[in-house]
2 protein chains.
Amino acid sequence: MPKIPQPPLDEVDRSIVRVLAQNARIANNALADEVGVAASTCLARVRSLRDRGVIRGFQADVDLSALGMPLQAMISVRLRAHTREQNESFRSVAPGLPGVLEVFHMAGSDDYLLHVAVADSDALRDFVVDHLTTHPAVGQTQTNLIFERMAGSRFPEPGR
Amino acid sequence: MPKIPQPPLDEVDRSIVRVLAQNARIANNALADEVGVAASTCLARVRSLRDRGVIRGFQADVDLSALGMPLQAMISVRLRAHTREQNESFRSVAPGLPGVLEVFHMAGSDDYLLHVAVADSDALRDFVVDHLTTHPAVGQTQTNLIFERMAGSRFPEPGR
DNA sequence: CGTGAAAATCTAGAAAA
DNA sequence: TTTTCTAGATTTTCACG
């Protein structure tokens, strides 16, 4: 996903993004009303925002419990060695491992942080054993259960 | 958000959720085609999934750099005391702090993990000082920069 | 960026499996 | 009950001013 230039966002663009960040399925004309432009203008703006990569996509927020994966965990991963090759080999597979929601490449002593969802603690152990500790680039891992995940703002504004 | 009963999801429901998790703005009839039911059936299914809380909402995935917040961090928070009151007082404000993307209530020795986006390292320091270390319930914090965040699957299936 | 009109889509309700 | 069919209302979309 190339980073296309950066014509900075004007107020209308920011409003569009703010609304879509919270309600991605709003009809185009309702969105146009909300941000105060014509429907056709709004359509073009949204298209442009997508083309420029400001809006990457639209996603449904799903209750993972309802999908049978009620348990979440945060797994710190430390690589055996911090070479470019090891990083590349881990980063290329991590996001696709089953149940992985997010992968963070960290600046601290732990190289990666994996946010995962699993069916139960057995599945969690299997995940760690089958996909992490057996991966040649992985040194140590540490697993921490998540009691609860709360969503913050999806359209962060500079804190004053 | 009450947890409404659990009529387990059938194959059509799961397909709908799988598609919407990746493309929330797909037209209803296109979605109906994709999962193989009539449009009005599809509409009713989606409405039911929302009512049951399986689908919580629809969100645009926004490039935070384009919004002027290119720096992300993971902040571990340890409370002063692990009382219900302290937990409650922190949990009630954390998700609303400026730049907070996610708040994880953790089972380990660190009580909370905050995923935040900020404009630069000055803003990060200000965030920690102004909102965390000054909060009466907060004991220690540890901030780790995020080099990169990669999204995993939005519709996790049980790992085999 | 807005207007207008054609095309596509949405949606409720009736009918059917 | 659940799904499909049908048709009127709404929305999307684009050429043009």
Side-chain angles (χ1 to χ4, degrees), chain A residues 1-68 154-155 157, chain B residues 1-63 66-68 154-155 157:
Chain A
M1 210 63 66
K3 176 71 59 113
I4 300 178
Q6 303 248 25
L9 305 188
D10 67 12
E11 250 327 296
V12 174
D13 285 331
R14 294 182 71 86
S15 296
I16 287 174
V17 173
R18 188 185 302 111
V19 173
L20 285 178
Q22 295 196 308
N23 178 11
R25 240 175 126 71
I26 188 174
N28 178 68
N29 57 1
L31 174 60
D33 272 2
E34 192 123 358
V35 305
V37 296
S40 58
T41 304
C42 188
L43 192 69
R45 292 291 192 122
V46 172
R47 208 171 273 150
S48 164
L49 287 166
R50 295 206 61 169
D51 290 346
R52 283 184 280 163
V54 176
I55 296 176
R56 295 209 195 84
F58 301 98
Q59 311 165 340
D61 177 19
V62 178
D63 178 6
L64 298 175
S65 300
L67 264 52
R154 305 208 32 93
F155 183 82
E157 315 250 19
Chain B
M1 211 63 66
K3 178 69 58 110
I4 301 179
Q6 307 249 25
L9 306 187
D10 66 14
E11 249 330 295
V12 173
D13 285 331
R14 295 182 71 86
S15 296
I16 288 174
V17 172
R18 186 184 305 112
V19 173
L20 286 178
Q22 295 196 307
N23 178 11
R25 240 176 126 69
I26 187 174
N28 178 68
N29 56 3
L31 175 60
D33 272 2
E34 191 123 357
V35 305
V37 296
S40 52
T41 302
C42 186
L43 193 70
R45 291 292 190 122
V46 172
R47 200 174 282 147
S48 164
L49 287 166
R50 295 206 61 169
D51 291 347
R52 283 184 280 164
V54 176
I55 295 176
R56 295 209 194 84
F58 302 97
Q59 311 164 340
D61 178 19
V62 178
D63 176 7
L67 264 54
R154 308 209 27 95
F155 183 82
E157 315 251 17

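Reminder, nothing fancy here: chain letters follow the sequence lines and each chain counts from 1.
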Hey, does I16(A) have a side-chain heavy atom less than 4.5 Å from the side chain of L9(A)?
no
Tell me which nucleotide among dT12(D), dT11(C), dT3(D) gets nearest to the side chain of N28(A).
dT12(D)
Between D13(A) and R52(A) (salt bridge meaning N to carboxylate O under 4.0 Å), is one present in this structure?
yes
Under 4.0 Å, heavy atoms only, any strand: does A27(B) hit a base, just the sugar-phosphate, or nothing?
sugar-phosphate
In whole angstroms, how far is the P atom of dT9(C) from the CZ atom of R25(A)?
13 Å
Please state how far atom CZ in R45(B) lies from atom P in dC10(C), giving the value in whole angstrom units.
18 Å
5' priority, DNA chain C, between C42(A) and I26(B) [closest heavy atom]:
C42(A)
Where the side chain of L43(B) is concerned, which of dT13(D), dG2(C), dA12(C) is the nearest nucleotide?
dA12(C)
Looking at dT3(D), dT13(D), dG13(C), which one has an atom nearest to any side-chain atom of S40(B)?
dG13(C)
Presence of R47(A) side-chain N/O under 4.0 Å of dC14(D) phosphate oxygens OP1/OP2
yes
Return the nearest nucleotide to the side chain of N29(B); candidates are dT4(D), dC14(D), dT9(C).
dT9(C)
Does E157(A) come within less than 4.0 Å of R14(A), counting only side-chain N to carboxylate O?
yes
Indicate yes or no: at least one non-hydrogen side-chain atom of R45(A) is less than 4.5 angstrom from one of V37(A).
no
